[in-house]
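What follows is a short report on a single structure.
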Amino acid sequence: MARGLNIAFAGTPDPAAVILRRLLEDGTHRIIHVFTQPDRPAGRGRRPRPGPVKQAADAAGLPLSQPQTAAELQAGNILAGADVLAVVAFGLLLPEVVIHRPRYGSVNVHFSLLPRWRGAAPVQRAIEAGDDQSGVTIMQMDAGLDTGAVLLQQSCPIHPDDTAGSLQDRLAGLGGDCLLKALDQLGTASLVPVPQDERLATYAAKVDKREAEIDWTQPAALIERRIRAFNPSPVARTSLYEQPMRIWAARVLETPRGDRRPGDIAACTTAGLDVAAGDRLLRIEALQLPGKKKVSAREFYHGHPRFHKQSY
């Protein structure tokens with residue numbers, strides 16, 4: 001088994017920070033350098049705020065770089081002492097010279113069962129599509145977009161009530177364990193790279209905020225999946241009775257739409273706000289008005305009597 005490797009780590013968001021902390025807690029391998037995206041403006045003041053990986057690296061006292069471009073990774077001699085570069089949602093497409101610089105090259109922790117859902121949003125697209133399982137792939141990186149050989153995979157069920165947030169949390173925990181397992185076997189005969197079957201490849205495009213606008217002509221089941229896929233970001237949104245709102249949770253009812261138009265409100269009760277979709281009714285169970293906190297259907301009902309008039 002490969003023991004005590006020198007690891008360079010590249011990642012930016014919270015799932016990457018979870019995996020970085022898992023490597024540090026395990027202690028088998030040494031993190032010699034961390035790469036993460038530059039601080040981004042956030043909050044009402046739009047002040048630059050460090051990302052989760054930077055915060056984790058700073059807390060552990062790790063050497064850190066924040067390159068603006070992938071080309072900056074080629075400068076200097078930072079990767080010279082690395083046995084492997086571990087990449088988790090870094091956010092930059094790495095050039096081949098960087099990928100192959102470490103002794104064992106670069107490995108990527110990807111949150112899908114490749115070749116399904118290559119790309120930026122595998123968790124969201126899996127939920128949106130109605131997949132019943134996701135998983136983690138440890139991939140030997142090449143110059144393509146998530147096209148490298150598979151070193152290790154482990155599946156994870158998608159529950160009917162999973163949001164992108166809840167599924168991502170489970171996958172991040174699983175990803176840390178899978179990465180450690182792969183690192184322990186790196187360079188041994190027990191870890192055999194398996195080429196991906198291109199015929200099975202699907203692409204997980206980055207989520208555009210415009211996709212979060214609910215189209216009530218779509219089937220209720222698809223709208224419900226998209227609400228879960230876009231939770232916690234960018235959050236599904238709509239406008240009912242000219243009232244803009246963000247939708248955090250909903251469920252499909254067996255009640256047909258009937259002669260109601262898509263987007264019509266069928267009922268407003270303490271159980272939820274029932275809205276006509278393309279085929280049947282969708283019950284909104286948690287929502288948020290502009291400038292307000294997220295509320296349950298019961299809280300919304302008691303606070304907005306003008307929606308009661310149509311029970312309906």
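- One finds a salt bridge joining E211 and R125 here, because a Lys/Arg side-chain nitrogen approaches an Asp/Glu carboxylate oxygen to under 4.0 Å.
- When all heavy atoms are compared, the tightest approach of F9 to L85 is N-CD1, 4.1 Å.
- Considering only heavy atoms from C-beta on, P122 comes within 4.5 Å of H110 through its side chain.
- In this structure, L20 and A57 approach most closely via the heavy-atom pair CD2-N, 4.2 Å.
- By the rule that hydrophobic residues join a cluster once side-chain heavy atoms approach within less than 4.5 Å of another member, I265 and I227 end up as members of one cluster.
- D177 places no side-chain N or O within 3.5 Å of a backbone atom of L174 that could act as its donor or acceptor partner.
- Counting heavy atoms from C-beta on, the side chains of Q68 and Q37 never come closer than 4.5 Å.
- Inter-residue side-chain proximity for I31 and L24 is flagged as met; some heavy-atom pair is nearer than 4.5 Å.
- The hydrophobic cluster around V207 extends to F230, counting ILVMFWY residues whose side-chain heavy atoms fall within less than 4.5 Å of a member.
- With a 4.5 Å cut-off on side-chain heavy atoms, W248 and L287 do not count as touching.
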Set out, in order, the CA-CA distance, both residues' side-chain angles and the distance that settles side chain to side chain contact (heavy atoms under 4.5 Å, CB included) for I247 and V235, then state yes or no. CA-CA 7 Å; I247 309 301; V235 187; over 6 Å; no
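- A donor-acceptor pair is defined here as one N or O able to donate and one able to accept, closer than 3.5 Å; such a pair exists between the side chain of R257 and the backbone of A277.
- Using a 4.5 Å heavy-atom cutoff, the side chains of P102 and D83 are not in contact.
- Remark: side-chain polar atoms of Q55 are paired, donor with acceptor, to backbone N or O of P50 under 3.5 angstrom.
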Verify salt bridge (Lys or Arg N to Asp or Glu O under 4.0 Å) between E25 and R21, making sure each step is shown before the conclusion. CA-CA 6 Å; E25 290 166 2; R21 287 193 291 267; 5.6 Å; no
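- Ion pairing between a basic and an acidic side chain is recognised when a charged N comes within 4.0 Å of a carboxylate O; E198 and R118 show such pairing.
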Run the salt bridge (Lys or Arg N to Asp or Glu O under 4.0 Å) test on K181 and D184 for me, step by step, so that the C-alpha distance in whole Å, both residues' side-chain angles and the decisive distance to 0.1 Å come before the verdict. CA-CA 5 Å; K181 184 177 180 180; D184 287 345; over 6 Å; no
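- Put simply, L180 and L151 are part of the same group of oily side chains (I, L, V, M, F, W, Y) that touch within less than 4.5 Å, one to the next.
- Of all non-hydrogen atoms in P52 and T12, the two that sit nearest each other are CD-O, 3.4 Å.
- For H33, the ring-ring contact (aromatic ring centres under 6.0 Å, His included) partners at least two apart in sequence or on another chain are F35.
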What's the verdict on side chain to side chain contact (heavy atoms under 4.5 Å, CB included) for L253 and R280, showing C-alpha distance, side-chain angles and the deciding distance? CA-CA 7 Å; L253 302 181; R280 57 188 67 241; over 6 Å; no
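- Here the shortest heavy-atom pairing between R283 and G272 reads CG-CA, 3.8 Å.
- Heavy atoms from other residues, nucleotides or ligands lying under 6.0 Å from CZ of R40 number more than 12.
- In the model, T36 has no side-chain atom that pairs as donor or acceptor with a side-chain atom of Q66 under 3.5 Å.
- Nearest heavy atoms, T137 versus S112: OG1-O, 2.6 Å.
- When atom types are taken as modelled, the side chain of H29 and the backbone of L5 share a donor-acceptor pair closer than 3.5 angstrom.
- At a threshold of 4.5 Å between non-hydrogen side-chain atoms, the residues L23 and T28 do not count as touching.
- A 4.5 Å side-chain heavy-atom check between P256 and D279 finds every atom pair outside the cut-off.
- In the hydrophobic clustering of this structure, F111 groups with L167; members are Ile, Leu, Val, Met, Phe, Trp, Tyr whose side-chain heavy atoms approach within less than 4.5 Å, directly or through other members.
- For the pair D142/I99, no side-chain contact is recorded, criterion being any heavy-atom separation below 4.5 Å from C-beta on.
- To the nearest 0.5 Å, atoms CD1 (I138) and CG (L152) are separated by 6.0 Å.
- For E224 and R251, the salt-bridge test fails: no basic side-chain N is under 4.0 Å from an acidic carboxylate O.
- Scanning both residues, L240 and M245, for their nearest heavy atoms gives CD1-SD, 4.1 Å.
- Side-chain atoms of T163 come within 3.5 Å of backbone N or O of G165 as a donor-acceptor pair.
- Side chains of D131 and W117: a donor-acceptor N/O pair is present below 3.5 angstrom, by distance only.
- Using a cut-off of 4.0 Å between Lys/Arg side-chain N and Asp/Glu carboxylate O, D39 and K54 are scored as salt-bridged.
- In this model, no donor atom of one side chain and acceptor atom of the other lie less than 3.5 Å apart for R226 and Q124.
- Proximity of a side-chain donor or acceptor of T202 to a complementary backbone N or O of R116 within less than 3.5 Å is not detected.
- Not a single side-chain hydrogen bond (donor to acceptor under 3.5 Å, both in side chains) links T69 to another residue, sequence neighbours left out.
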Is there a side chain to side chain contact (heavy atoms under 4.5 Å, CB included) between F300 and T270? Walk through the geometry before answering. CA-CA 8 Å; F300 178 80; T270 55; over 6 Å; no
Quick one: do Q288 and K293 satisfy side-chain hydrogen bond (donor to acceptor under 3.5 Å, both in side chains)? Show the steps, please. CA-CA 6 Å; Q288 184 178 16; K293 67 177 183 178; over 6 Å; no
Does the pair V150 and Q153 meet the rule for a side chain to side chain contact (heavy atoms under 4.5 Å, CB included), with working shown? CA-CA 7 Å; V150 172; Q153 280 187 331; 3.6 Å; yes
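- Shown are Q168, R225, R170; of these, the side chain to side chain donor-acceptor pair (under 3.5 Å) with D162 is made only by R170.
- Linking Ile, Leu, Val, Met, Phe, Trp and Tyr residues whenever their side-chain heavy atoms come within less than 4.5 Å places L282 and L273 in a single cluster.
- Taken together through direct or relayed side-chain contacts under 4.5 Å among Ile, Leu, Val, Met, Phe, Trp and Tyr, V192 and V107 form parts of separate hydrophobic clusters.
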